[in-house]
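Encoded as structure tokens, the structure appears first; notes follow it.
As the structure lists them, so they are numbered: ligands from 1, and atoms in each ligand from 1. No experiment lies behind these values; they were computed from the predicted model shown.
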Amino acid sequence: MHTLLTAAQLSEGIDRLARDVRQAYGDCPLTVVGVLTGSVVVVSDLIRRLEGPVRLSMVWASSYRGTATRAGRLDLRLDLLPDLTGQHVLLVDDIFDSGRTLEAILADLRGRGAASVRSLVLLRKQGRAEVAIEPDFVGFDIPDLFVVGYGLDYDGAWRHLPHLAVLDADDIVTGGASTADSPG
Ligand code: IMP
Ligand code: MG
């Protein structure tokens, strides 16, 4: 495992994202919707830098990765959402990979009468998108490597690392038998 982004670099990225978000929304009240589980670290760092009124809500997504590094079937649970009528909603996730998670959640959020719906990701993986949409705010573009830390996991582990690390080939169990779900 080796470091791709240090804790200091991530912190600068969140500062920049928070500035960009406030520039886009002004003093407007904002409803941040985080995607469990991977976005918990970025969401908690981001909302503390967003001056002005912020509400927080969470949804849950999982693409049944287990020990696979490519996504499988997408499972969503949006039942924790409050009424979003008239609100400015910012969907926040850890990483934009195929883009299918964000695309599916955005499609649902757009049907809930919000005043606006935009999206923010900490990371975007190069050359992997399978959808036409792009996130409105992106912290870092990274190469097509499987990364862990700062909320992101491999088979449930490593979310707690304060930096972002790349798993090397021998860290990854290819074709592993684990079907255990590691949410979002
Ligand atoms: P997408 O639907 O393919 O864009 O996948 C998005 C989700 O897959 C993210 O929210 C992550 O949970 C997970 N994911 C994608 N790439 C990585 C990675 O490199 N490390 C850890 N999780 C990842
Ligand atoms: Mg996730």
Side-chain angles (χ1 to χ4, degrees), residues 1-7 9-10 13-14 17 32-46 56-78 80-81 89-110 117-174 176 178-184:
M1 208 185 278
H2 60 277
T3 300
L4 185 65
L5 293 169
T6 64
Q9 287 173 313
L10 289 165
I14 301 285
L17 284 168
V32 169
V33 175
V35 183
L36 292 168
T37 304
S39 79
V40 290
V41 181
V42 53
V43 162
S44 64
D45 280 350
L46 181 72
L56 176 62
S57 183
M58 304 300 281
V59 295
W60 181 91
S62 173
S63 29
Y64 287 99
R65 247 167 244 272
T67 55
T69 56
R70 300 293 190 212
R73 186 176 65 87
L74 181 64
D75 193 7
L76 296 180
R77 287 175 56 185
L78 310 180
L80 297 171
L81 282 173
V89 175
L90 180 64
L91 179 65
V92 175
D93 204 0
D94 50 2
I95 190 166
F96 190 86
D97 185 19
S98 73
R100 299 219 173 269
T101 303
L102 225 58
E103 178 186 59
I105 300 172
L106 285 170
D108 179 280
L109 293 179
R110 295 220 155 89
V117 180
R118 284 192 253 200
S119 59
L120 177 152
V121 293
L122 176 70
L123 308 166
R124 175 170 57 191
K125 246 189 236 186
Q126 290 299 286
R128 299 265 303 152
E130 294 172 12
V131 297
I133 58 150
E134 286 288 344
D136 297 286
F137 305 93
V138 176
F140 300 91
D141 278 302
I142 62 166
D144 181 9
L145 298 165
F146 198 80
V147 290
V148 295
Y150 202 73
L152 291 105
D153 74 305
Y154 173 63
D155 202 19
W158 308 115
R159 293 193 197 275
H160 61 289
L161 296 178
H163 59 279
L164 191 77
V166 178
L167 282 188
D168 299 317
D170 55 357
D171 296 319
I172 297 176
V173 186
T174 45
S178 168
T179 52
D181 176 28
S182 52

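- Atom numbering of ligand 1 starts at 1 in the shown order; those under 4.0 Å from a heavy atom of L152 are 20 (N), 21 (C), 22 (N).
- Residue-ligand proximity: V35 is placed with every non-hydrogen atom at 4.0 Å or more from ligand 1.
- Looking at heavy atoms from C-beta onward, D153 lies out of side-chain contact with T37 at the 4.5 angstrom threshold.
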Let me see the working for V33 and V117 under side-chain contact (heavy atoms from CB on, under 4.5 Å), right down to the final yes or no. CA-CA 10 Å; V33 175; V117 180; over 6 Å; no
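- In this structure, L74 does not count as a contact residue of ligand 1, since none of its heavy atoms falls inside 4.0 Å of the ligand.
- Residue L17 forms a side chain to side chain contact (heavy atoms under 4.5 Å, CB included) with just one option from V92, D45, L120, and that option is L120.
- Each of the atoms 10 (O) of ligand 1 lies under 4.0 Å from some heavy atom of D93.
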Go through K125 and I142 one step at a time and tell me if the side-chain contact (heavy atoms from CB on, under 4.5 Å) criterion holds. CA-CA 5 Å; K125 246 189 236 186; I142 62 166; 4.0 Å; yes
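- Minimum interatomic distance between Q9 and T6 (heavy atoms only, all atoms of both residues): OE1-N, 2.8 Å.
- By the 4.0 Å heavy-atom criterion, E130 is excluded from the residues contacting ligand 1.
- The backbone and the side chain of I95 each have at least one atom closer than 4.0 Å to an atom of ligand 1 (non-hydrogen atoms only).
- Residue-to-ligand polar distances keep L102 apart from ligand 1: every N/O pair is separated by 3.5 Å or more.
- Nearest approach of A61 to L76, heavy atoms of both residues: CB-CD2, 3.6 Å.
- Residue contacts with ligand 1 include G99, since one or more of its heavy atoms lies under 4.0 Å from the ligand.
- Nearest heavy-atom pair across S39 and D94 is CB-N, 4.0 Å.
- Those atoms of ligand 1 that come under 4.0 Å of a heavy atom in T101, given as number and element, are 1 (P), 2 (O), 5 (O), 6 (C).
- Short contacts between ligand 1 and L145, defined as distances under 4.0 Å to a heavy atom of the residue, involve ligand atoms 19 (O).
- Heavy atoms only, all atoms of each residue included: E134 and S119 are closest at O-OG, 4.3 Å.
- Residue contacts with ligand 1 include D94, since one of its heavy atoms falls under 4.0 Å from the ligand.
- Interface of S98 with ligand 1, defined as ligand atoms under 4.0 Å from a residue heavy atom, comprises 1 (P), 2 (O), 3 (O), 4 (O).
- Contacts with ligand 1 closer than 4.0 Å are made by heavy atoms of both the backbone and the side chain of V147.
- Side chain of R128 to main chain of D144: no donor-acceptor pair is present (N/O by atom type, distance under 3.5 Å, no hydrogens or angles).
- For ligand 1, the atoms closer than 4.0 angstrom to any heavy atom of K125 are 16 (N), 17 (C), 18 (C), 19 (O).
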